[in-house]
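Atoms considered below: every heavy atom in the structure, side chains included; atoms not considered: hydrogens, waters and symmetry mates. Every chain is numbered from 1, with letters handed out A, B, ... down the list of sequences.
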There are 2 protein chains.
Amino acid sequence: MSDDPLALERQVCFALSVAARSVVAIYRPLLEPMGLTHPQYLVMLALWGDSPLSVRRLSELLQLDPGTLSPLLKRLEAIGYLRRERDPADERSLAITLTESGQALRAEALKIPPAVVAKLGLPIEDLQRLHTSLTQVIAAAS
Amino acid sequence: MSDDPLALERQVCFALSVAARSVVAIYRPLLEPMGLTHPQYLVMLALWGDSPLSVRRLSELLQLDPGTLSPLLKRLEAIGYLRRERDPADERSLAITLTESGQALRAEALKIPPAVVAKLGLPIEDLQRLHTSLTQVIAAAS
DNA sequence: TACCAATAGTTGGTGTACAAACCATTGGCC
DNA sequence: GGCCAATGGTTTGTACACCAACTATTGGTA
């Protein structure tokens with residue numbers, strides 16, 4: 001390996017970007033039949049875990065800008081997976097809830113993680129270790 | 001930790017996406033004085049390592065779509081860091097070369113990696129280990 | 001109670017990111 | 001030499017992603 005500190009192959013951030021894009025690319029064909037993109041899938045995961053959620057709360061959970069979530073949520077509403085209603089207790093806030101269809105999708109989604117792990121073909125322990133490292137980095141970067 | 005296979009905090013891909021975005025966010029204020037975004041910085045790294053490069057070659061090196069690179073390269077040309085000229089040997093191909101200004105920028109860029117490592121505050125060995133894991137994942141996903 | 005800073009979402013602008021359609025050049029091959 | 005599939009880039013359309021500016025509601029406080 002090169003000793004140049006600016007060598008492309010030495011940059012952790014480059015590896016991080018490429019890895020993220022590559023893994024998202026594995027999800028793409030798996031999510032396509034469900035009509036979801038990867039960020040949309042993450043929103044659904046959050047809502048399957050806890051509902052209703054506000055845009056603010058989603059933004060914290062997914063570490064995404066509200067300005068990114070706003071149109072994304074409208075698209076999920078348009079395809080019928082969720083509802084966006086004002087919270088009666090605080091009219092500023094949105095109460096985002098799953099529709100029947102959105103609830104039902106969870107059964108399909110259960111197939112996704114094993115399919116991804118199979119495609120990657122890496123030992124679970126490696127993935128676990130990676131997850132731990134990534135969590136460290138996220139904590140350090142925030 | 002939850003035993004739900006769809007729990008957000010268990011998804012490696014979620015951690016990967018958030019980590020990538022978080023680390024890019026660390027670069028942002030460092031690159032801003034140079035007038036570069038993170039992907040543009042990666043292109044510059046590639047060119048500092050080897051020049052001239054074609055769009056095709058850059059696309060392989062950075063694992064980015066030519067359709068993504070095309071406008072990005074025009075922006076880098078517009079701010080004067082590189083030149084896009086047809087390769088006389090093959091008029092289909094672009095020969096992308098650095099300008100004086102682009103060459104000179106390398107000296108500034110040398111400050112970036114240590115600054116990022118400092119901001120992260122993680123031991124180098126951890127980053128090295130992470131890099132190894134990521135390289136594995138990239139290989140597995142391709 | 002009337003103001004006003006804080007909070008929740010939305011919108012608009014710039015820059016990726018990818019897929020598909022497109023255009024020009026090239027290199028075989030009859 | 002002339003056709004034609006392959007190759008290299010560009011363009012278009014959709015969807016993030018972030019920032020800054022904006023609107024509407026809320027809650028404290030003079």
For the pair made of [atom1] in [X] and [atom2] in [N], what is the distance, rounded to whole Å?
| X | N | atom1 | atom2 | result |
| --- | --- | --- | --- | --- |
| A:E85 | D:dT25 | CD | C1' | 18 Å |
| B:L73 | C:dA17 | CG | P | 13 Å |
| A:L69 | D:dA17 | CG | P | 9 Å |
| B:E91 | D:dT10 | CD | P | 13 Å |
| A:L62 | D:dC18 | CG | P | 11 Å |
| A:R75 | C:dT10 | CZ | C1' | 14 Å |
| B:D65 | C:dA21 | CG | P | 14 Å |

Under 4.0 Å, heavy atoms only, any strand: does A:L64 hit a base, just the sugar-phosphate, or nothing?
sugar-phosphate

Quick one: label B:R84 by what it contacts on the DNA or RNA (base, sugar-phosphate, nothing), any heavy atom closer than 4.0 Å.
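The residue B:R84 makes sugar-phosphate contact but no base contact.
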
Below 4.0 angstrom from OP1 or OP2 of C:dA17, is there any side-chain N or O of B:T68?
no

Does a nitrogen or oxygen in the side chain of A:K74 sit under 4.0 Å from OP1 or OP2 of D:dA15?
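No, A:K74 has no side-chain N/O under 4.0 Å of OP1/OP2 on D:dA15.
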
Do [X] and [Y] have side chains that approach each other closer than 4.5 Å (heavy atoms only, starting at C-beta)?
| X | Y | value |
| --- | --- | --- |
| A:R75 | A:T37 | no |
| B:L69 | B:P66 | no |
| B:V23 | A:C13 | yes |
| A:L72 | A:K74 | no |
| B:S93 | B:R56 | no |

Give the B/S/- string for nucleotides 1-8 of chain D, one per nucleotide from 5' to 3', where a protein heavy atom under 4.0 Å of the base yields B, of only the sugar-phosphate yields S, and otherwise -.
-----BBS

As a quick check of understanding, evaluate side chain to side chain contact (heavy atoms under 4.5 Å, CB included) for A:L110 and B:L6, giving each step before the final call.
CA-CA 7 Å; A:L110 281 168; B:L6 292 184; 4.0 Å; yes

Quick check on side chain to side chain contact (heavy atoms under 4.5 Å, CB included): which of A:L82, A:V43, A:D87 does A:I96 satisfy it with?
A:L82

Starting from the C-alpha separation in whole Å, work towards a yes-or-no answer on side chain to side chain contact (heavy atoms under 4.5 Å, CB included) for A:L98 and A:M44.
CA-CA 8 Å; A:L98 292 170; A:M44 295 303 288; 3.6 Å; yes

Consider only side-chain heavy atoms of I, L, V, M, F, W and Y, link residues closer than 4.5 Å, and tell whether B:L36 and B:L45 are in one cluster.
yes

Taking for each residue the nucleotide of DNA chain C bearing the nearest heavy atom, is the 5' side occupied by B:L72 or by B:G67?
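Between the two, 5'-proximity favours B:L72.
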
In residues 18-48 of chain A, which residues come under 4.0 Å of DNA chain D by heavy atom?
A:T37, A:P39, A:Q40

When the axes are fitted on five pairs at both termini, how much does the helix from C:dT1-D:dA30 to C:dC30-D:dG1 curve, in 10° steps?
10°

Aromatic ring pairing A:Y41/A:W48, orientation class (parallel under 30°, perpendicular over 60°, tilted between)
perpendicular

With no hydrogens and no angle check, is any side-chain donor or acceptor of B:E108 less than 3.5 Å from a backbone partner on B:A104?
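A pair under 3.5 Å: no.
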
Any Lys/Arg nitrogen of B:R84 or B:E77 sitting under 4.0 Å from an Asp/Glu carboxylate oxygen of the other?
yes

